Amino acid sequence: MRKKKRVVSGLCVLGMLVSLTGCGENNNTAALEEQKEAGTEKQTDIVEIAGMEEVTGTEVSSVLADYVQEDEKLTFDSGAWNYDEEHDVYYQIGVGYCSNPETVEYETMGIYVPGMYLVGEENGDGTYTCTLNSSGTVKGYTAATAPIVFPVNTAGYSAQEAPVSYQYESISEYLEAGFVYVYAGMRGRSNGYDENGELSYSGGAPWGVTDLKAAVRYYRYNSAWLPGNTDSIFTFGHSGGGAQSAVMGASGDSEMYYPYLTSIGAAMYDGDGKLISDAICGAMCWCPITSLDYADAAYEWNMGQYADTGTRSENTYTSALSKDLAEAYASYINELGLQDGDGNVLTLTSSEDGIYAAGSYYDYMVSVVEQSLNNFLSDTEFPYTAGNSREMADGGFGGGGKPDGERPDGIPSGEKTDGEKLGGKPNGENPETGAANTAENESGEDGTYETPQEYIDSLNAETVWVNYDEDTNTATITSLRDFATYCKTASKDVGAFDDLNLGQAENMLFGNDESDTSHFDTVLTRLLAENQTEYAAYTDWNPSVLAAYQSDMENLDKLGNTLTYRQNMYNPMYYISSYYEGSGTSTPASYWRIRSGIEQGDTALTVETNLALALEACDDVTSVDFETVWEQGHTTAERTGDSTANFIAWVQECAAP
């Protein structure tokens with residue numbers, strides 16, 4: 001879907017600093033207000049039943065009053081530029097963006113600038129002292145108007161290593177488009193340890209986004225010496241990186257981050273003593289693994305409840321838990337207050353088979369699937385040969401070191417650690433995806449389809465679940481059950497993100513200084529507590545599972561904040577949906593572009609769909625461009641063209657020169 005609500009100017013101008021405009025009211029009806037109140041009460045109930053004591057977190061009102069900013073350490077060195085004469089690029093590597101870093105391995109950044117934006121004088125030692133060039137242009141941009149782009153190369157919420165060397169080819173397309181490219185190192189899901197096994201730095205939520213916010217603040221603090229329009233900052237990422245790009249886009253200026261930012265010595269004030277903003281102009285999110293508060297429940301509603309193998313096999317307590325999670329997700333949707341393009345509230349109702357597979361939300365999700373398939377039929381020229389590049393780990397964005405989560409040495413979101421020592425670098429393999437991902441078909445082993453009908457026939461090889469109209473070249477599907485059976489199949493166990501055995505990347509994301517992993521799902525914990533008598537009737541039930549979840553729910557991070565608090569910080573929906581208390585407490589990005597591969601088994605289709613719907617209803621959002629792409633899985637999915645070129649074109653549209 002693509003939406004433009006308001007076009008204020010060619011450049012995205014964000015409200016800076018002290019005003020936290022958020023999304024405010026969006027003409028919700030009284031019914032929606034009631035749903036919001038019910039949702040808040042439900043969140044409280046979940047916390048209480050899960051055995052948690054809610055902690056509000058550090059008082060932010062006193063954080064800045066006591067903060068002493070080290071301006072000298074935060075001042076950019078204009079005399080330390082390097083110059084690539086062949087490609088006309090100035091760059092600096094190892095730029096520290098905070099005055100009190102926990103790890104210089106991650107908390108520095110590289111800045112790469114088209115040469116036309118600076119005037120350099122040789123220092124005699126191979127470096128240059130540079131000043132801004134007001135007359136130089138690249139593709140219509142100047143040093144004052146050029147967009148600034150920050151890649152988020154953090155598969156599975158892994159760390160993004162700070163750059164230690166320069167390579168033009170990996171970032172050339174962005175620089176040739178006239179962009180300033182900033183590769184900021186940032187901590188990931190794991191704690192850091194020294195050679196003696198002692199903790200050297202804290203990892204997990206919210207430290208990755210905290211670091212990225214600090215980098216954005218540093219750039220704004222030094223904007224008098226650095227090229228680019230700081231009102232046109234864009235982040236882009238895939239998988240866990242797509243999630244953190246979404247968090248950056250939704251949580252701009254959130255005071256929840258202030259204690260974390262000040263702890264590392266971030267730039268909070270400019271030279272005049274005014275608050276600096278960490279809000280951004282736009283967020284590009286490919287396959288964002290996000291909304292982790294209900295991600296397990298969403299996974300079971302979308303896929304898990306239709307599976308009957310593994311942890312969903314009959315006569316296992318986890319099969320009952322799967323159904324209970326799916327039902328809990330229906331309750332969540334009915335309180336969330338999402339609306340379609342006509343303003344109709346989307347809800348779920350019970351269907352004939354006793355599950356929540358009916359109602360306006362269900363119909364809307366069917367329409368999303370059908371739109372994706374029909375886009376594919378419209379975009380594709382036949383004969384068509386199916387490709388194999390449907391799965392990838394990180395986004396592969398240039399400018400930095402290899403992220404911890406890159407395959408085959410690491411795990412993207414949702415892959416199990418398979419017996420590794422928790423806290424180390426886990427291993428993983430590509431998850432299997434749906435039946436439509438196979439390259440073989442009735443037409444031949446090369447996966448080539450001569451006609452659209454032949455392709456549809458391959459989808460219907462086991463049963464007819466896609467109905468095709470050759471005259472209009474459009475198709476419909478029979479049900480989400482069939483879609484989840486023959487296309488988007490569950491590739492994870494029950495507890496897809498908060499694994500029963502603490503084996504997921506997200507379990508590491510919510511660890512703390514005392515434990516590298518933690519359970520975090522309050523909904524799952526509540527269901528285990530409420531239904532333990534029923535689950536105990538199954539032979540595989542172990543009461544220690546509930547005890548482990550309840551114990552972990554009480555974990556605090558080094559600043560004394562709860563798991564719920566940290567989840568909210570990492571949940572873009574928390575800031576943009578009126579269901580959550582965080583609505584209206586941030587400065588959301590004006591521009592959003594969201595892409596996903598519809599066949600991925602990594603997360604539910606509802607995750608990115610809900611995010612797009614909530615953004616559509618947000619008054620402070622100008623444009624939402626959302627597509628889920630047929631024949632694609634967990635990758636930088638695009639309907640047509642190249643992901644890098646498409647991202648660049650989108651930024652150019654949002655921030656026209």
Side-chain angles (χ1 to χ4, degrees), residues 1-4 173 236 238 242 284-288 341 364-392 395-396 433-444 446-461 465-478 480 482-483 486-488 592-601 605 608-609 612 616 623-654:
M1 73 184 67
R2 197 162 189 287
K3 180 177 182 181
K4 287 195 174 181
E173 291 181 75
F236 61 108
H238 165 258
M284 171 74 238
C285 315
W286 284 284
C287 296
Y364 186 85
M365 292 306 304
V366 169
S367 73
V368 171
V369 175
E370 292 176 343
Q371 184 64 57
S372 178
L373 175 54
N374 287 323
N375 287 341
F376 170 78
L377 293 172
S378 174
D379 297 338
T380 303
E381 181 178 347
F382 286 83
Y384 161 72
T385 300
N388 294 317
S389 57
R390 294 184 177 87
E391 301 292 331
M392 65 189 300
T433 51
N437 278 347
T438 178
E440 295 186 8
N441 60 84
E442 295 177 349
S443 301
D446 61 354
T448 298
Y449 305 93
E450 296 296 327
T451 65
Q453 183 65 65
E454 198 171 82
Y455 175 77
I456 297 296
D457 289 343
S458 72
L459 297 179
N460 291 331
W465 66 280
V466 179
N467 298 307
Y468 177 63
D469 185 332
E470 189 172 2
D471 292 336
T472 60
N473 192 34
T474 59
T476 59
I477 66 170
T478 54
L480 289 183
D482 287 339
F483 169 67
Y486 300 107
C487 184
K488 185 182 178 72
W592 292 76
R593 189 173 188 269
I594 304 169
R595 291 292 185 274
S596 67
I598 200 168
E599 295 177 5
Q600 65 171 338
L605 176 60
E608 58 264 33
T609 304
E616 291 276 0
S623 173
V624 183
D625 182 351
F626 167 57
E627 300 276 6
T628 183
V629 184
W630 196 264
E631 277 280 305
Q632 293 292 306
H634 195 65
T635 184
T636 51
E638 296 287 339
R639 280 177 57 183
T640 60
D642 173 76
S643 59
T644 299
N646 289 348
F647 167 68
I648 289 172
W650 174 70
V651 172
Q652 290 170 331
E653 182 180 348
C654 298

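Just so we're clear, the structure is a prediction, and the values are computed from it rather than from any experiment.
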Asks: Is it the case that the side chain of Thr474 and the backbone of Asn374 share a donor-acceptor pair, with hydrogens and angles ignored and the cut-off at 3.5 Å?
Replies: no
Asks: Any side-chain heavy atom of Tyr455 sitting closer than 4.5 Å to one from Thr380?
Replies: no
Asks: Decide yes or no on side chain to side chain contact (heavy atoms under 4.5 Å, CB included) for Phe626 and Trp592, but give the supporting numbers first.
Replies: CA-CA 8 Å; Phe626 167 57; Trp592 292 76; over 6 Å; no
Asks: Among Lys488, His634, Gln632, exactly one meets side-chain hydrogen bond (donor to acceptor under 3.5 Å, both in side chains) together with Gln600. Which residue is that?
Replies: His634
Asks: Enter the distance from Leu373:CG to Leu459:CG here, rounded to the nearest 0.5 Å.
Replies: 7.0 Å
Asks: Do Thr476 and Tyr468 come close enough that some side-chain heavy atom pair is under 4.5 Å?
Replies: no
Asks: Using modelled atom types only, decide if a donor and an acceptor are shared between the side chain of Arg639 and the backbone of Trp630 within a distance under 3.5 Å.
Replies: no
Asks: If you look at every heavy atom in Glu454 and Thr448, which pair is closest and at what distance?
Replies: OE1-O, 3.9 Å
Asks: What is the distance from atom CD of Glu470 to atom CD1 of Ile456, rounded to the nearest 0.5 Å?
Replies: 11.0 Å
Asks: Angle between ring planes, Tyr449 versus Tyr384, binned at 30° and 60°: parallel, tilted or perpendicular?
Replies: parallel
Asks: Please evaluate residues Glu173 and Thr644 with respect to the criterion side chain to side chain donor-acceptor pair (under 3.5 Å), reporting the C-alpha separation (whole Å), side-chain torsions for both, the decisive distance (0.1 Å), and the verdict.
Replies: CA-CA 8 Å; Glu173 291 181 75; Thr644 299; 4.6 Å; no
Asks: OG of Ser643 to CZ of Arg595: how many Å apart, nearest 0.5 Å?
Replies: 11.0 Å
Asks: Can you tell which of Ile594, Ile598, Val368 makes a side chain to side chain contact (heavy atoms under 4.5 Å, CB included) with Glu608?
Replies: Ile594
Asks: Is a side-chain donor or acceptor of Asp482 paired with a backbone partner of Ile477 at a separation under 3.5 angstrom?
Replies: no
Asks: Return the minimal non-hydrogen interatomic distance between Asp625 and Trp650, and the atom names on each side.
Replies: OD2-CD1, 4.5 Å
Asks: Can you tell me how far apart CZ (Arg593) and CZ (Phe647) are? Round to the nearest 0.5 Å.
Replies: 9.0 Å
Asks: Ignoring hydrogens and angles, tell me if any N or O in the side chain of Ser378 forms a donor-acceptor pair with the backbone of Asn375 under 3.5 Å.
Replies: no
Asks: Heavy atoms, side chains only, cut-off 4.5 Å: are Gln453 and Asp457 in contact?
Replies: yes
Asks: Look at the aromatic rings of Trp465 and Phe483 and report parallel, tilted or perpendicular, splitting at 30° and 60°.
Replies: tilted
Asks: Measuring from atom CG of Asn460 to atom CG of Asn467, what distance do you get when rounded to the nearest 0.5 angstrom?
Replies: 7.5 Å
Asks: Step by step, would you call Val369 with Leu480 a side chain to side chain contact (heavy atoms under 4.5 Å, CB included)?
Replies: CA-CA 9 Å; Val369 175; Leu480 289 183; 4.1 Å; yes
Asks: Looking at CG of Asn646 and OG1 of Thr640, how far apart are the two atoms once the value is rounded to the nearest 0.5 Å?
Replies: 6.0 Å
Asks: Show the nearest heavy-atom pair for residues Cys287 and Gly633, with the distance to one decimal.
Replies: SG-O, 3.7 Å
Asks: Looking at Gly597 and Thr628, what are the two nearest heavy atoms and their distance?
Replies: C-OG1, 4.1 Å
